[in-house]
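What you see is a predicted model, and the numbers here were worked out from it, not measured in a lab. No hydrogens, no waters, no symmetry mates; every other heavy atom, side chains included, goes into these values.
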Amino acid sequence: MKTFNSTILILLIACFALSNANAQSPKEIIEDCVYVPPGVYNLPCLGEDVSLDLCFESMQVNSVIHEKYWVTIYGQTTGNVYTSTQVTNINMHSNNYTHNVIFFIRLDGKLFTRAHITVHYTEVDGELTADVNLEKVQCK
């Protein structure tokens, strides 16, 4: 039992040390809001031209980027006002790249669209060894 307790203690100390080391890494944070004029955008399930009020926060720590989006979407045909939230995580390393996106679009507070998109590739000696592009979209 003492060995088990000692192992847990060592793991806890290692976790705290790693979290503190990462906490000290330089971070770059960008926050902004922009208006996107009417146009044809590839927004699943909407089927109309839209304009957007888009606010985002982007934080980069080393080779990892974490982004959050808050969007108001204005339907140019129906006059519908949609709201959307999105979380994006990007991991970039010397030989691989992974980009995950999860977003929700709501109309009148009810879920209208849900999507999860993953793109990943790996290179070994300059040759593409893995290439994954998954997209799951649900329209309500």
Side-chain angles (χ1 to χ4, degrees):
M1 188 64 168
K2 274 191 177 257
T3 304
F4 181 71
N5 288 338
S6 297
T7 303
I8 290 176
L9 181 61
I10 290 170
L11 287 173
L12 283 172
I13 292 170
C15 287
F16 284 123
L18 287 174
S19 66
N20 285 337
N22 191 38
Q24 302 306 315
S25 299
K27 296 177 177 75
E28 179 182 351
I29 298 175
I30 300 170
E31 296 177 313
D32 200 2
C33 290
V34 296
Y35 171 74
V36 182
V40 180
Y41 304 104
N42 188 17
L43 296 176
C45 312
L46 298 187
E48 65 178 314
D49 289 357
V50 297
S51 61
L52 313 169
D53 282 326
L54 182 142
C55 293
F56 68 92
E57 176 185 280
S58 178
M59 179 178 73
Q60 181 170 355
V61 179
N62 300 323
S63 61
V64 177
I65 299 172
H66 180 74
E67 299 173 331
K68 296 181 220 173
Y69 294 86
W70 301 270
V71 186
T72 303
I73 305 165
Y74 305 97
Q76 299 300 300
T77 305
T78 63
N80 287 341
V81 178
Y82 307 89
T83 57
S84 179
T85 53
Q86 175 178 320
V87 175
T88 300
N89 290 300
I90 302 168
N91 294 298
M92 302 172 291
H93 300 284
S94 60
N95 66 337
N96 67 60
Y97 169 88
T98 302
H99 187 156
N100 284 305
V101 177
I102 298 172
F103 71 87
F104 302 95
I105 298 175
R106 291 179 172 78
L107 175 62
D108 296 328
K110 295 179 182 165
L111 188 60
F112 192 77
T113 305
R114 176 188 335 203
H116 183 190
I117 301 163
T118 299
V119 175
H120 172 82
Y121 71 82
T122 301
E123 282 186 11
V124 174
D125 296 328
E127 189 170 322
L128 192 63
T129 59
D131 184 8
V132 178
N133 191 347
L134 303 172
E135 184 175 310
K136 182 177 182 180
V137 177
Q138 294 175 311
C139 300
K140 300 289 180 177

Could I get the full list of side chain to side chain donor-acceptor pair (under 3.5 Å) partners for T83, not counting sequence neighbours? none
How about S84 and Q86: does a side-chain donor come under 3.5 Å of a side-chain acceptor? no
For the backbone of T78 and the side chain of E48, can you confirm whether one donor and one acceptor N or O come within less than 3.5 Å of each other? yes
Verify, without hydrogens or angle tests, whether S51 (side chain) and P38 (backbone) share a donor-acceptor contact under 3.5 angstrom. no
In this structure, OG1 of T98 is separated from CD1 of I90 (nearest 0.5 Å) by 10.5 Å
Chi angles and distances behind the side-chain contact (heavy atoms from CB on, under 4.5 Å) call for Y74, D53: CA-CA 8 Å; Y74 305 97; D53 282 326; 2.8 Å; yes
What about L46 and V101, same hydrophobic cluster or not, with Ile/Leu/Val/Met/Phe/Trp/Tyr joined at side-chain heavy-atom distances under 4.5 Å? yes
Atom pairs and distances, side-chain donor-acceptor, residues 110-119, under 3.5 Å, sequence neighbours left out:
from : atom 1 : to   : atom 2 : distance (Å)
T113 : OG1    : P44  : O      : 3.3
R114 : NE     : Q138 : OE1    : 3.3
T118 : OG1    : N100 : OD1    : 2.6

Consider only side-chain heavy atoms of I, L, V, M, F, W and Y, link residues closer than 4.5 Å, and tell whether I65 and Y97 are in one cluster. yes
Within the side chain of Q60, is there an N or O that forms a donor-acceptor pair under 3.5 Å with the backbone of N62? yes
In the structure I gave you, are the side-chain heavy atoms of T85 and R106 within less than 4.5 Å of one another anywhere? yes
Among L52, T72, L107, which residue satisfies the side-chain contact (heavy atoms from CB on, under 4.5 Å) criterion with Y82? L107
With a 4.5 Å cut-off on side-chain heavy-atom distances among I, L, V, M, F, W and Y, is there a chain of contacts connecting Y69 to I105? yes
When rounded to the nearest 0.5 Å, the distance separating NE2 of H66 from CD of E57 is 7.5 Å
Here the disulfide bond (SG atoms under 2.5 Å apart) pairs for residues 64-113, sequence neighbours left out, are none
With the 4.5 Å side-chain cut-off for hydrophobic clustering, are V34 and V50 part of the same group? yes
Indicate, with yes or no, if L134 and F104 share a hydrophobic cluster defined by side-chain heavy-atom contacts under 4.5 Å among Ile, Leu, Val, Met, Phe, Trp and Tyr. no
How long is the gap from OG on S58 to CD on E67, to the nearest 0.5 Å? 4.0 Å
From CG (D32) to SG (C55), nearest 0.5 Å: 8.0 Å
